[in-house]
Amino acid sequence: MAEAAAFQGTGPSPARRWLRRTLTVAVGAPLLAGLLHNPAPAQAAADTSVSRTVDVAIDTLTPSAPVEGDTVTVTGTLTNRGKRTITDATVNLRVGPRMDSRSEIDQVARRKGFRSDSDPQPLDAPEIDIASLPVGVPRDFRISVPVSELDLDDEGGVYQLGVSLTGQTSDARWDRVLGIERTFLPYQPEPTAKRTQLTYLWPLISSAHISADTASDDQQSPVFQDDELAEELRPGGRLDEMVSLGKDLPVTWVIDPDLLASVDAMANGYRVKDGTGHAAGTEANRKLAERWLGQLEAAVQGRKVVALPFADPDLASLAHRGKAVPGSLKHLQSATALAGSTVETILHVQPATDFAWPVEGAVDPSIMAVATSAGARKVIARSDSIKDDDLSYTPTAARPIGGGTTAVVSDAELSTAFQGDMVRAETSTLAVQEFLAQTLAITLEQPQDRRSVVVAPQRQPSVSQAQAMAAAVRGLGAKRWTEPLDLVAAAAAKPDPDATTTVPRTGQYPKKLRATELPVDAFRDMKTTGDELDDFKVILSDATRVVPPIGNAINREMSTSWRGRTAEAAIYRVDVQDVLQRLTKSVVLVDKSDLTLSGRSATIPVTVQNKLLQDVEGLVLRLTSSNGTRLKVDGDTSAELPITVRAGHSQSVKFPASANANGQVSMTAQLYTADGTPYGTSMTFSVKVSEMTPTVMLVIAGGVLLLVLAGVRMYSQRKRLAARAAEAEAEAEAQAEAEAEAEAEAEGKAPEHAAADTAEAPAARDTTEGDTTDGAGHPSDPDADTGSESGDPSGPGEKVDR
């Protein structure tokens, strides 16, 4: 029960503390004489070595920046890393004197182990007793003490706060410090007269996720390389956490427009590479993207937003490697031009687009030149690049460096405060406390002057790093020594006249950063792809289906996210080239087999096939003869004809050709754009010329003449036969009429009576054909009146209607 009470902050009795200290003095007295003969550094080294036996971890310190009337509470764990059990131990707080400079804070932060010459004495209270601390078994502790008992200066300042464990082991039966951990206690009970204006950048940047490919639907759904972006958008994911934390913080949002475009594409339907093809993205991921964009849009309303060039291009790589390749800077210009419209369209805010942010804020003259070439007038640098070694204080961030350009120099220590592993509570707590201590120290350096300080953290903070960053910014929320300022205002702040404005030489650029830059080959690949795209787009009836997705992919090839990922960057560039080449090869010349040309003239057809989903136009097809003496094309060695091919169709072009001599001729067909640039690969085929001789022509003409004469003779014979048949038929009809008259006379009937009957018959028929009510007749029926029926046989020459 006594031990449990001790862990709740209840200290031992005064008598027990007096007895322990008496025993410590008694045991240590025989050693004192020997120690007096050793130099102080040796004693400090011994203290440092021994004091690493126990790992003391400070997991929480609340409040992080106390004021008068508060109670400071420290919690953590103790772990015996030695080889023997520790007995009769106590846990104490040690509060050191006020620190006067940032360099003193740095020294304490780097110190490991206990040093009797520099670490303060433990407080009399509170104190925790630990009877036994076995090896490797963590043990929690909690100590609380009112601020009034910490003996802090009423004027405020930064203090070292340590937690130490003093105890014994079986091989050393006297009290000694076996473990210590230090942190910082910023104490400013009243607001300072001049508060430091602090700008904290809150970056929303990710790696490249969208490929150059698109689906064939009307919406041209983008195809993603993978589905990793969805993981960052999930609740608890990196990007989700950045928005959730940042919406309540006084920060400046620094956004890569490519990230917004990628998430927007997810929200409107996307596809993901799946083996050799691609599959539709899930509805769940689409809703994730839609939700994240909605939260971000709400978070940035009324706040300052800075838009980096599209895909966050690597300015240092471009300056050091890319300038060797002609045309590389135009990609940066297009990325800058695209930034503002992308952010405004998706988030409905007007961003600042005149900022450039080189990797880790490292600059040199070439980087500055490249950054400003695309329109940037403010470059975010860092104080470990543009150094102020001669100043004893931290100057204002804005530095005019000439030519209308301002270097906004972020503070290196504050900007790197949350790099590394922040998963452990101990690590993040120490980082937060040191950050707050540094900001207070900056204010106290020149309390009579108001200065502007910028913090530019790592581009893609992890979840734990973002949480630590947010805790630090919240720790400044009381505004006792700092006040928030956005980046645009910080860049316009009045510069410190004593601050350096000299940009370091190119040779001073950090070697470790230069080693991770994109190679020259990367920019050569970009140029090749860009040139092919320029040649391809001029033949398209709707270039917007091709140019934006591939142009954006080229911008992504320059992204700073490829740093340290050389293999992945190369694969991405190859994929972009493959997509473009697949499209360009969709407009091709159809291979021809060898031809034979007989005669002096003919036409040679050449076919162009278009497999694209849109028409191609502005192409010229050129056919060239390898031997203009033997075979000419349209009267010359070569000929050109314009061509337009509908989507999904083929088009044949016919060239007139004339032969002058027999033999084999090689023909080459090549497509060109309107400006004369060759398009695609050429096609070669052979034409065998076989010219007709005069003898052969005479024989052929004679054969044709014989055929004509034979035709004329056949026609004459048929005409004579037809005439004879007509004469015979006329004689037969005359004979039939004569016989009919003879028969009529024999029957005693006058010929004129017969003529009258014949004349009446048509009238009877007309009456019958007009009467359709009684069914007596129809225009298509036989004549109703056919005369009296007779049983005699028909006379010669009589016609019978059937």
Side-chain angles (χ1 to χ4, degrees), residues 197-206 242-243 246-247 249-261 263-264 293 296-315 332-359 361 363 367-382 386 396-401 403-411 415 452-460 473 483-495 555 558-560:
Q197 295 174 323
L198 189 133
T199 302
Y200 206 107
L201 308 188
W202 202 252
L204 285 182
I205 301 172
S206 186
M242 289 294 293
V243 173
K247 64 183 178 65
L249 300 175
V251 295
T252 296
W253 297 84
V254 180
I255 301 177
D256 175 9
D258 180 36
L259 172 61
L260 297 183
V263 180
D264 186 63
L293 282 179
L296 176 59
E297 183 179 352
V300 300
Q301 295 305 313
R303 313 282 284 277
K304 287 297 180 181
V305 175
V306 171
L308 298 175
F310 191 91
D312 188 21
D314 190 337
L315 301 177
L332 177 60
Q333 294 165 353
S334 66
T336 302
L338 188 58
S341 60
T342 302
V343 174
E344 188 172 3
T345 300
I346 297 175
L347 295 183
H348 306 103
V349 295
Q350 184 71 41
T353 59
D354 56 348
F355 283 86
W357 189 9
V359 174
V363 295
I367 295 174
M368 287 291 189
V370 165
T372 56
S373 69
R377 290 294 173 263
K378 299 148 191 173
V379 180
I380 304 171
R382 208 164 71 182
I386 298 181
T396 288
R399 319 284 177 87
I401 60 174
T405 303
T406 300
V408 183
V409 182
S410 62
D411 187 86
S415 298
S452 169
V453 175
V454 173
V455 181
Q458 56 273 32
R459 271 176 152 76
Q460 298 186 39
V473 176
E483 59 186 10
L485 185 71
D486 65 76
L487 182 60
V488 175
K494 182 180 179 180
N555 288 335
M558 292 195 305
S559 175
T560 58

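Hydrogens, waters and symmetry mates are skipped; everything else that's a heavy atom, side chains included, is used.
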Colleague: Can you find a pair of side-chain heavy atoms, one from Leu201 and one from Ile380, that are under 4.5 Å apart?
Modeller: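 Yes - at least one pair of side-chain heavy atoms lies under 4.5 Å apart.
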
Colleague: Can you tell me how far CZ of Phe355 sits from OG1 of Thr406, rounded to the nearest 0.5 angstrom?
Modeller: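 Between atom OG1 of Thr406 and atom CZ of Phe355 there are 8.5 Å.
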
Colleague: Between Leu308 and Ile205, is there a side-chain heavy-atom distance shorter than 4.5 Å?
Modeller: yes

Colleague: Checking Glu483 now: which residues fulfil salt bridge (Lys or Arg N to Asp or Glu O under 4.0 Å) with it, not counting sequence neighbours?
Modeller: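 Expected list: Arg195, Arg450.
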
Colleague: Are the side chains of Glu297 and Leu347 in contact, using a 4.5 Å heavy-atom criterion?
Modeller: yes

Colleague: Out of curiosity, Leu338 CG to Thr353 OG1, how far, rounded to the nearest 0.5 Å?
Modeller: 11.5 Å

Colleague: Between Thr342 and Phe310, does a side-chain contact (heavy atoms from CB on, under 4.5 Å) hold up when you go through it step by step?
Modeller: CA-CA 9 Å; Thr342 302; Phe310 191 91; 4.3 Å; yes

Colleague: Please examine the side chains of Pro313 and Asn555, heavy atoms only from C-beta on, and report whether any two atoms are closer than 4.5 Å.
Modeller: no

Colleague: Do Asp312 and Asp258 have side-chain heavy atoms sitting under 4.5 Å apart?
Modeller: no

Colleague: Check each of Leu204, Thr345, Leu296 against Leu260 using the side chain to side chain contact (heavy atoms under 4.5 Å, CB included) test, and report the only one that passes.
Modeller: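 Between Leu260 and the candidates, side chain to side chain contact (heavy atoms under 4.5 Å, CB included) is satisfied uniquely by Leu296.
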
Colleague: Can you tell me how far the CD atom of Gln197 sits from the CG atom of Leu485, to the nearest 0.5 Å?
Modeller: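 If we round to the nearest 0.5 Å, Gln197:CD and Leu485:CG are 4.5 Å apart.
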
Colleague: Backbone N or O of Ala456 within a donor-acceptor pair of the Ser415 side chain at under 3.5 Å?
Modeller: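 Looks like yes, one N/O pair under 3.5 Å.
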
Colleague: Between Val251 and Arg303, what is the shortest heavy-atom contact and its length?
Modeller: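 That would be N-NH2, 3.7 Å.
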
Colleague: Going by salt bridge (Lys or Arg N to Asp or Glu O under 4.0 Å), name the residues that satisfy it together with Asp354, two or more places apart in sequence or in a different chain.
Modeller: Lys378

Colleague: Could Arg459 and Trp357 be counted as a cation-pi pair, given that NZ or CZ must be under 6.0 Å from the ring centre and within 45° of the axis?
Modeller: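 Satisfied, under 6.0 Å and within 45°.
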
Colleague: Look up atom CG in Asp256 and atom OG1 in Thr560, then write down how far apart they are to the nearest 0.5 Å.
Modeller: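 Here the interatomic distance stands at 7.5 Å.
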
Colleague: Does any part of the side chain of Pro358, heavy atoms only, come nearer than 4.5 Å to the side chain of Val379, both counted from C-beta?
Modeller: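 Yes; the side chains approach each other to less than 4.5 Å.
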
Colleague: Which heavy atom of Gln333 sits nearest to which heavy atom of Ser373, and what is that distance?
Modeller: NE2-O, 3.9 Å

Colleague: Any side-chain heavy atom of Lys494 within less than 4.5 Å of one from Ser452?
Modeller: no

Colleague: Would you say that Arg399 contacts Pro495 through its side chain, given a criterion of any heavy-atom pair below 4.5 Å between the two side chains?
Modeller: no

Colleague: Find the distance between NZ (Lys247) and CE (Met242) and round it off to the nearest 0.5 Å.
Modeller: 14.0 Å

Colleague: Any side-chain to backbone donor/acceptor pair from Thr336 onto Pro309? Under 3.5 Å, distance only.
Modeller: no

Colleague: Could you tell me which non-hydrogen atom of Ala376 sits nearest to which non-hydrogen atom of Ala356, and how far apart they are?
Modeller: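 Heavy atoms only, the tightest pair is CB-CB, 3.8 Å.
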
Colleague: Please report the closest heavy-atom contact between Pro484 and Pro250, naming both atoms and the distance.
Modeller: CB-CB, 3.6 Å

Colleague: From Ile346 CD1 over to Ser341 OG, what is the distance, rounded to the nearest 0.5 angstrom?
Modeller: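 Reported value, rounded in 0.5 Å steps: 9.0 Å.
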
